[in-house]
Amino acid sequence: IRIAAAGVNGPDIMQRQGRYDPPPGASDLPGLEVSGEIAAAGEGVTRWKEGDRVCALTKGGGYAEYVAVEADHVLPVPDGVETVDAGGLCETFFTVWSNFFFRLEWPEGSLFLVHGGAGGIGSTAIQLGAALGLRVFATCSADSRAFCESLGAERAIDYRAEDFVEVVKEAGGANVILDFMGGEYVQRDIKAAAVDARIVQLAFRKGSKVEVDLLPLMLKRLTITGSTLRPRPDEFKAAVAADLEKRVWPLFADGRVRTVTHATYPLAEAPKAHAAMEAGGLRGKILLTP
């Protein structure tokens, strides 16, 4: 793929800090998602041809001018989406879809609690949850409440001024929770969860070593799980890609889902892009362009 844009993601930050080694055989360059056009197709590849507008999940190597990608991990740029903006699609959509909707069904009206609703993962989760008929509650800063609600959140919770546990319990409890905070949020998520809820831990910004009372886990029959995407088998990623194209990509054309780009930096200014991501306060994705 001749790269038009590459998304900046949390694992890129961790890799730069020496806390996330690439899997065997992967490029040692950061960059887990790209958009652009096909520059060449390998032997046996029949779907893609030179010049096709695409976005893709990579195993690394996105911070470059070209990257080689498994053909089954490539998707067309959705209708109505600019090629550069598509550079921020795959990592977040693959992550959210594979953990919350791929081979999982939630009754319409289920309550989906999304932490960090204004960021890349959060803004994707809000939109997908709302488009699929879930009631989405999102935690965010006060100045991002209107933004999260514009994406489809029924209730944006100011995490500094409000207790999300009380807000969610008053609404009946969360059936599914997306958390990348960790720390004290783990126990609070358990308190906010409804019976038979699913809690997915995607990162631990407040720490992974916590002391937790697990009795509510048993009494509520909760499922708590974690996930990483990069080391998953190629076959799994290909199945998620196919499901996204079938069930989610049409949502872009009718306006129920959209890209959210916070800022774009030249590749030479990747350090500034990382600093901006680490500073927080994002609304959507940060992209790099060659």
Side-chain angles (χ1 to χ4, degrees), residues 9-10 13 88 91-93 95-97 99-101 106 109-195 197-208 210 212-213 216-217 220 222-227 257-258 260 262 276-286:
N9 293 282
I13 307 292
E91 176 70 13
T92 52
F93 275 82
T95 296
V96 174
W97 193 256
N99 280 288
F100 298 98
F101 303 107
W106 301 102
S110 297
L111 201 158
F112 186 13
L113 173 61
V114 176
H115 289 302
I121 291 283
S123 59
T124 298
I126 290 173
Q127 293 189 81
L128 285 175
L132 295 174
L134 277 61
R135 301 176 62 198
V136 182
F137 283 34
T139 61
C140 60
S141 61
D143 60 1
S144 292
R145 289 182 62 183
F147 171 70
C148 289
E149 290 171 355
S150 75
L151 296 175
E154 175 183 327
R155 177 73 157 84
I157 305 167
D158 178 358
Y159 69 90
R160 292 189 179 95
E162 301 179 274
D163 181 356
F164 75 81
V165 175
E166 294 306 316
V167 173
V168 171
K169 285 175 67 176
E170 186 176 337
N175 305 105
V176 57
I177 300 175
L178 183 163
D179 185 20
F180 46 80
M181 302 304 293
E184 74 272 12
Y185 273 60
V186 175
Q187 187 72 67
R188 296 174 72 194
D189 287 339
I190 291 173
K191 290 180 179 179
V195 172
R198 174 182 176 86
I199 302 171
V200 181
Q201 201 73 46
L202 296 180
F204 295 95
R205 292 183 181 175
K206 290 181 172 289
S208 60
V210 297
V212 180
D213 177 8
L217 182 79
K220 292 184 178 181
L222 304 181
T223 297
I224 300 181
T225 185
S227 174
V257 172
R258 61 183 173 89
V260 184
H262 176 81
M277 186 163 184
E278 290 176 275
L282 304 184
R283 293 186 178 180
K285 297 297 294 284
I286 291 178

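Excluded from the calculations below are hydrogen atoms, water molecules and symmetry mates; all remaining heavy atoms, backbone and side chain alike, are included. Predicted model only: the values in this text are computed from it and were never measured.
- Phe204 is not listed as a side-chain neighbour of Val210, based on a closest heavy-atom distance of 4.5 Å or more.
- With sequence neighbours left out, Phe137 forms a ring-ring contact (aromatic ring centres under 6.0 Å, His included) with no residue at all.
- Considering only residues two or more places apart in sequence or on other chains, Asn175 meets the side-chain contact (heavy atoms from CB on, under 4.5 Å) condition with Ser110, Leu111, Ala194.
- Remark: Lys220 NZ is packed, more than 12 non-hydrogen atoms of other residues, nucleotides or ligands lying under 6.0 Å away.
- For the atom pair CZ (Arg198) and CG (Leu178), the distance works out to 10.5 Å, reported to the nearest 0.5 Å.
- If you run side-chain contact (heavy atoms from CB on, under 4.5 Å) between Val114 and each of Ile157, Ile177, Val136, only Val136 comes through.
- From Met181, atom CE reaches atom OH of Tyr159 across 7.0 Å, with rounding to the nearest 0.5 Å.
- If you run side-chain hydrogen bond (donor to acceptor under 3.5 Å, both in side chains) between Gln201 and each of Thr225, Asn99, Asp179, only Asp179 comes through.
- Side chain of Lys285 to main chain of Gly88: a donor-acceptor pair is present (N/O by atom type, distance under 3.5 Å, no hydrogens or angles).
- Distance check: Asp158 CG to Thr139 OG1 gives 10.0 Å after rounding to the nearest 0.5 Å.
- Between Glu162 and Arg155 a salt bridge is recorded (basic side-chain N to carboxylate O distance below 4.0 Å).
- Within the model, atoms NZ of Lys191 and NZ of Lys169 stand 7.5 Å from one another, a figure rounded to the nearest 0.5 Å.
- Minimum interatomic distance between Trp97 and Leu132 (heavy atoms only, all atoms of both residues): CZ3-CD1, 3.7 Å.
- Residue pairs meeting the side chain to side chain donor-acceptor pair (under 3.5 Å) criterion with at least one member in residues 120-132, sequence neighbours excluded: Thr92-Thr124.
- Looking at every heavy atom in both residues, Ala174 comes nearest to Ala197 through O-CB, 3.3 Å.
- In this structure the side chain of Arg160 reaches within 4.5 angstrom of the side chain of Ser141, judged on heavy atoms.
- Taken to the nearest 0.5 Å, the CD atom of Glu170 stands 11.5 Å off from the CG atom of Asp163.
- Using a 4.5 Å heavy-atom cutoff, the side chains of Tyr185 and Phe180 are not in contact.
- Listed here is the closest heavy atom pair of Pro216 and Ile190: CB-CG2, 3.6 Å.
- Remark: Ser150 pairs with Phe147, Arg258 by the side-chain contact (heavy atoms from CB on, under 4.5 Å) rule, at least two apart or across chains.
- In terms of the ring-ring contact (aromatic ring centres under 6.0 Å, His included) criterion, residue partners of Phe100 (sequence neighbours excluded) are, by chain and number, Phe112.
- The minimum heavy-atom distance linking Cys148 with Ala118 is given by the pair SG-N, 3.7 Å.
- A distance of 9.5 Å separates CD in Glu149 from CD1 in Ile126, rounded to the nearest 0.5 Å.
- Across every non-hydrogen atom of Val168 and Ala192, the tightest pair is CG1-O, 3.5 Å.
- The side-chain contact (heavy atoms from CB on, under 4.5 Å) search around Leu217 returns Leu214, Leu222, Ile224, not counting sequence neighbours.
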- [ ] Mind running side chain to side chain contact (heavy atoms under 4.5 Å, CB included) on Ile121 and Glu91 for me, showing each step along the way?
- [x] CA-CA 9 Å; Ile121 291 283; Glu91 176 70 13; 5.8 Å; no
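- Across Arg283 and His262, no two heavy atoms sit closer than the pair N-ND1, 3.1 Å.
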